[in-house]
Engineer: 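The structure follows.
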Amino acid sequence: ARFACIFSILYEMAGKVLGRLSAVLDKVKAVAGPESVPRVVAVSKLKPVDVILEAYEAGQRHFGENYVQELVEKAKDERVRLQAPDIRWHFIGHLQKNKCNLLIDVPNLWMIETVDSVKLADALNKNLVKKNRLAINVLVQVNTSGEESEVLE
């Protein structure tokens, strides 16, 4: 069975990322068991590009951002594009429909977490078609409780 685990790379100074990343990966693998291949998404919000590149060099490939503008800036950073060509970006925050166009243009955008309304899914689809992009991975939020929510439409 596959599952995703999101964690934040916390650091006090450069050079600590490798040790912390290894410790997290060891814990995830221990919990997942030998049959699973977990996907770890390093939450890089508010972290400088240097830290992202350090984690990338240590083998991390999936990175999550929860602000569209910050994701756009990091994904288009020349150092990231040259030194991390197969980085996989995840958008992990609440996405507003008016930001779909910006998000779809992100190089190496791998997944959008979470699509929480039909209107948002329609807006994403419209922008995918406009950009001639075939598909994007998404996680869909489903309201199973039947309770009203400010976010769900």
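What's counted below: heavy atoms across the whole structure, side chains too, no hydrogens, waters or symmetry copies. Keep in mind that what you see is a predicted model, and the values were worked out from it rather than measured.
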Engineer: Could you note down all residue pairs passing salt bridge (Lys or Arg N to Asp or Glu O under 4.0 Å) where residues 120-143 supplies at least one of them, sequence neighbours left out?
Structural biologist: Asp105-Lys131
Engineer: Report whether Leu102 and Leu109 are members of the same hydrophobic cluster (ILVMFWY, side-chain heavy atoms less than 4.5 Å apart, transitive linking).
Structural biologist: yes
Engineer: Got Val80 and Asn108 here, is their nearest side-chain heavy-atom distance under 4.5 Å?
Structural biologist: no
Engineer: Taking Gln60 for the side chain and Ile52 for the main chain, is one N or O donor matched with an acceptor at less than 3.5 Å?
Structural biologist: no
Engineer: Are Trp110 and Tyr67 linked, directly or through intermediate hydrophobic residues, by side-chain heavy-atom contacts shorter than 4.5 Å (ILVMFWY only)?
Structural biologist: no
Engineer: Would you call His62 and Met111 a side-chain contact if the rule is heavy atoms closer than 4.5 Å?
Structural biologist: no
Engineer: When rounded to the nearest 0.5 angstrom, what is the spacing between CD1 in Ile87 and CZ in Arg81?
Structural biologist: 11.5 Å
Engineer: Mark yes or no for whether Ser44, through its side chain, and Lys47, through its backbone, hold a donor-acceptor pair below 3.5 Å.
Structural biologist: no
Engineer: Might you point out which heavy atoms bring Ile92 and Gly64 nearest each other, and give the distance in Å?
Structural biologist: CD1-C, 4.1 Å
Engineer: If you look at every heavy atom in Gln141 and Asp116, which pair is closest and at what distance?
Structural biologist: OE1-CB, 3.7 Å
Engineer: If you round to the nearest 0.5 Å, how far is CG of Asn127 from CD1 of Ile136?
Structural biologist: 12.0 Å
Engineer: Please tabulate, for the side chains in residues 24-33, all donor-acceptor contacts under 3.5 angstrom to protein atoms that are two or more places apart in sequence or on a different chain.
Structural biologist:
none

Engineer: Would you indicate whether the side-chain heavy atoms of Val43 and Asn66 approach each other to under 4.5 Å?
Structural biologist: no
Engineer: Please tell me if the side chains of Lys74 and Trp89 come closer than 4.5 Å, counting only heavy atoms from C-beta onward.
Structural biologist: yes
Engineer: Heavy atoms, side chains only, cut-off 4.5 Å: are Val41 and Arg88 in contact?
Structural biologist: no
Engineer: Answer yes or no: is there a side-chain heavy-atom contact under 4.5 Å between Glu70 and Leu46?
Structural biologist: yes
Engineer: Apply salt bridge (charged side-chain N to carboxylate O under 4.0 Å, His left out) to Glu73 and list each qualifying residue two or more places apart in sequence or on a separate chain.
Structural biologist: none
Engineer: Should Val142 and Leu95 be regarded as members of a common hydrophobic cluster, given that ILVMFWY residues are connected when their side-chain heavy atoms come within less than 4.5 Å of each other, either directly or indirectly?
Structural biologist: yes
Engineer: Which heavy atom of Cys100 sits nearest to which heavy atom of Leu124, and what is that distance?
Structural biologist: SG-CD2, 3.7 Å
Engineer: Answer yes or no: does atom CG of Leu134 have more than 12 heavy-atom neighbours from other residues, nucleotides or ligands under 6.0 Å?
Structural biologist: no
Engineer: Should the pair Arg61 and Tyr56 be classed as cation-pi, given the thresholds of under 6.0 Å to the six-membered ring centre and 45° from the axis?
Structural biologist: yes
Engineer: Do Ile104 and Leu128 make a side-chain contact, defined as non-hydrogen atoms from C-beta onward lying under 4.5 Å apart?
Structural biologist: yes
Engineer: Group every Ile, Leu, Val, Met, Phe, Trp and Tyr by side-chain heavy-atom contacts under 4.5 Å, then state whether Val140 and Ile112 land in the same group.
Structural biologist: yes
Engineer: Taking side chain as C-beta onward, heavy atoms only, is Lys99 less than 4.5 Å from Phe91?
Structural biologist: no
Engineer: Might you point out which heavy atoms bring Asn143 and Glu147 nearest each other, and give the distance in Å?
Structural biologist: ND2-O, 2.6 Å
